[in-house]
Protein chains: 2
Amino acid sequence: MPTIKDIAKAAGVSPASVSRVINNGPKVGAKTREKIKRIMGEMEYQPNANAQAINVQNNASIGIVLADLTDPLFAKMAHGIEKVAAQKDLQIFLNSGAFDQTSELNAIEVLLEHRYKALVVHSAMIDDKTLIEFARKVPGLVLLNRHIKEIESRCIWLDDKAGGGLMAEHIVEQGHKKIAIIAVDGIQNNTRHRIEGMKAQLAKYPVHYQIEVLEQGAATYEGGEVAVQNLLARGVEFSAILAYNDAIAVGAVSMLKAHGLSVPDDVSVVGFNNLILAQCMKPKLTTIHNPIEEMAMKATELALRLSKGEGTDVASFSIEEHQYTPELVIRQSVKRID
Amino acid sequence: MPTIKDIAKAAGVSPASVSRVINNGPKVGAKTREKIKRIMGEMEYQPNANAQAINVQNNASIGIVLADLTDPLFAKMAHGIEKVAAQKDLQIFLNSGAFDQTSELNAIEVLLEHRYKALVVHSAMIDDKTLIEFARKVPGLVLLNRHIKEIESRCIWLDDKAGGGLMAEHIVEQGHKKIAIIAVDGIQNNTRHRIEGMKAQLAKYPVHYQIEVLEQGAATYEGGEVAVQNLLARGVEFSAILAYNDAIAVGAVSMLKAHGLSVPDDVSVVGFNNLILAQCMKPKLTTIHNPIEEMAMKATELALRLSKGEGTDVASFSIEEHQYTPELVIRQSVKRID
DNA sequence: TTGAAAGCGTTACCAT
DNA sequence: ATGGTAACGCTTTCAA
């Protein structure tokens, strides 16, 4: 594999000139430039990005850490990041953390070692303290889908409390009085926030509710089935289910049907995220829209800006820019009862 | 950000020793090693992966090019690659190509510039000739989900023809005689192969079929709706639909219902890929299982092996190892008719 | 066991 | 417009 020196030698010029041509720099005569280009083509020269990176302080690419690509919600994140990267002609170095703390930490570490300046991190398992430290150390690091008060100007997150409130409010307004909530265990705060939001709403009305907590990682279709199974086995009475996400909701619907219960006639169900899945299923799922793709784009732009040393002024922080608002999407899985 | 020299100075040793410690190399006294480690910790030293890469010929990470992360099928690919990467403690550099030729080419180029030796490429838009050339030039490049005869020992693909055959065979066996096929336009051969497979099967029976071709990129839920819309508008008669993928199938089911047609009572539907979606919907979708995750793992291992110069002997090529076989998954969207 | 020094492939500054 | 060359941060002989 030829180097810049080989090209220089072959073209009878200095490495400096070749470098200029590679970078489309000025100060190269037209004929020389042509000649060098020709030779580069002939010798199939391919720049060594590592060698370049060592000289230039500014690594233009952006690094991202994602928990699990298999989750469509996270795939949407990736897509959002990708969109702004493409539009700015930047590369993405993706490092997936497989939902365990060590590998998430490792993923960040690797990105740092490669000197990526702009980092978008979606961490589910790393604790606040560690992340705060990273944020202090790395100016271009932005946390996506997570809210840590101490560094909130470096976070882009969803107002989960409002989301939970929306779900509860809707269901109560439709006359439901016995409600089952399917939550998920884990370090992530969003479950907790959503529950808080629900409780705050529900407390205003004379209703009963029961929370079924799935174990970490069970926020899936199967998890939804299990949860309903449990609920039914325990003899819990409910006319509505508030699910942590769409997949759970769909699983719940399936298991309800298996037990001869129809949705929404016997039981109403509300999901969360508003993935394609929610539109595809029958009945179409009433859910909460999660603008995760926009959020991802925002996070990427923020990371890029911060990595260039722009906009660090704490004064200009406005929560509206960092906290996104979920929205209720009414479809067909909730029925009014009296 | 401290360099190896800073550490050396602070520890009163030579850069060489520090380097040895970093790489867990031998030839360093125990106390010296401890001291260096301590100083590295105190100064928060972080190795520069680029500088390392420039010295070492062997880039352990693996590079991957994917067309579109948003497609769950592709996400599964990523997941498969990830799994073997994690298990071998390797990093992944992901470069997404957004379904257009230029950006796919660009993605490969970038990986090459970073000197990644093992490349798993899922290219939808680059032509055979160009890929063959890449393959010749880069020993560790493997094509995932694509079959190019000239370099098939470097490809991992699905037997799409068999897949199409399976779909057709099943539907014919269930007594259907009027069949609608929803295909998708594009450079990718898999549509074509599947159709071929279907035709080959259908030709054996006295049945009619009609092909509705969606435009490139419309292999989605909405595409399925549109296709059925068109079919119905054109007055095509059919009792069964063979869809290019599950999303299309689900969209088709939805539109059929909108027209008062029930699945499978009025129309039977078969999908392809066997994504979660297929299990979640009602009725559960009969489909073809696509072992894409296994394939991705295989491709990754192959790329890794090839990049180390192992197993290039053409003699040992066996098609069974490279071509994967799809399987029919019977669920509830097909009904026997007479 | 340790260190000096020669690279690795580029870039960028300073001359010419 | 061009070339020489130090420097980037690290690894790896080769001596000591």
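These values consider heavy atoms only, across backbone and side chains, with no hydrogens, waters or symmetry-generated copies. Lettering of chains follows the sequences in order, A, B, ..., and the numbering in each one begins at 1.
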Participant: Indicate, with a heavy-atom threshold strictly under 4.0 Å, whether Gly12(B) touches base, sugar-phosphate, or nothing.
Facilitator: sugar-phosphate
Participant: Would you say dT11(D) has OP1 or OP2 under 4.0 Å from some side-chain N or O of Asn23(B)?
Facilitator: yes
Participant: What's the closest nucleotide to the Ala16(B) side chain, out of dT12(D), dG9(D), dA12(C)?
Facilitator: dT12(D)
Participant: Base, sugar-phosphate alone, or nothing: which one does Val13(B) contact when heavy atoms must sit under 4.0 Å apart?
Facilitator: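 It contacts sugar-phosphate atoms only.
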Participant: Tell me whether Lys298(A) is salt-bridged to Glu294(A), with the criterion being a basic N under 4.0 Å from an acidic carboxylate O.
Facilitator: no
Participant: For dC10(D) and Ser19(B) - does any side-chain N or O of the residue sit under 4.0 Å from the phosphate oxygens OP1/OP2?
Facilitator: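 For dC10(D), neither OP1 nor OP2 has a side-chain N or O of Ser19(B) closer than 4.0 Å.
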Participant: Go through it in stages, so that I can follow the logic: the residues are Trp157(B) and Tyr324(B), the test is side chain to side chain contact (heavy atoms under 4.5 Å, CB included), and I'd like the CA-CA distance, side-chain angles, deciding distance and then a yes or no.
Facilitator: CA-CA 6 Å; Trp157(B) 71 95; Tyr324(B) 280 67; over 6 Å; no
Participant: Do the side-chain N and O atoms of Thr130(B) and Asp127(B) include a donor-acceptor pair separated by under 3.5 angstrom?
Facilitator: yes
Participant: OG/Ser17(B) to CD1/Ile36(B) distance, rounded to the nearest 0.5 angstrom?
Facilitator: 5.0 Å
Participant: Do NZ/NE/NH1/NH2 and the carboxylate oxygens of Glu42(A) and Arg38(A) come within less than 4.0 Å?
Facilitator: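 A salt bridge links Glu42(A) with Arg38(A).
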Participant: Nearest whole Å is fine: how far is dC8(D) C1' from Asn48(A) CG?
Facilitator: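 Distance check: Asn48(A) CG to dC8(D) C1' gives 13 Å.
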Participant: Nearest to the Arg20(A) side chain among dA1(D), dC10(D), dG4(D), which nucleotide is it?
Facilitator: dG4(D)
Participant: Under 4.0 Å between a Lys/Arg side-chain N and an Asp/Glu carboxylate O for Lys149(A) and Asp128(A)?
Facilitator: no
Participant: Are any of Ser17(B)'s side-chain N or O atoms less than 4.0 Å away from OP1 or OP2 of dT2(C)?
Facilitator: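 No, Ser17(B) has no side-chain N/O under 4.0 Å of OP1/OP2 on dT2(C).
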Participant: Of all the nucleotides listed (dT11(C), dA1(D), dT10(C)), which has the minimum atom distance to the side chain of Lys27(A)?
Facilitator: dA1(D)
Participant: Closer than 4.0 Å, any side-chain N/O of Thr3(A) to the OP1 or OP2 of dG9(C)?
Facilitator: no
Participant: Mind checking if Lys5(B) touches a base, just sugar-phosphate, or nothing, with heavy atoms under 4.0 Å?
Facilitator: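 Lys5(B): no heavy atom of the nucleic acid under 4.0 Å.
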Participant: From C-beta outward on Ile54(B), which listed nucleotide comes closest to its side chain: dG9(D), dC10(D), dT12(D)?
Facilitator: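 Of the candidates, dG9(D) comes closest.
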Participant: Nearest whole Å is fine: how far is dG4(D) P from Ile4(A) CD1?
Facilitator: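 Whole-Å distance recorded here is 14 Å.
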Participant: Using a heavy-atom cut-off of under 4.0 Å over every strand shown, decide if Gln46(A) touches base, sugar-phosphate, or nothing.
Facilitator: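 Sugar-phosphate only.
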Participant: When all nucleic acid strands are considered with a 4.0 Å heavy-atom cut-off, which category describes Pro26(A): base, sugar-phosphate, or nothing?
Facilitator: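 No contact at all - Pro26(A) keeps every heavy atom at 4.0 Å or more from the nucleic acid.
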Participant: Looking only at side-chain atoms of Val28(A), point me to the closest of dC10(D), dT2(D), dT10(C).
Facilitator: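 My answer, after comparing the listed nucleotides, is dT2(D).
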Participant: Taking 4.0 Å as the cut-off, does a side-chain nitrogen or oxygen of Gln52(B) come that near to OP1 or OP2 on dT11(D)?
Facilitator: yes
Participant: For the base of dG7(C), is there a side-chain donor-acceptor partner from Asn55(B) under 3.5 Å away?
Facilitator: yes
Participant: Could you state the CG-P distance from Asn24(A) to dT11(C), rounded to the nearest angstrom?
Facilitator: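 So the two atoms are 12 Å apart, to the nearest Å.
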Participant: Could you check how far CZ of Arg33(B) sits from P of dG3(C), rounded to whole Å?
Facilitator: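 That distance rounds to 14 Å.
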Participant: Taking the side chain of Thr32(B) as heavy atoms from C-beta outward, which of dA7(D), dT2(C), dT11(D) is closest to it?
Facilitator: dT2(C)
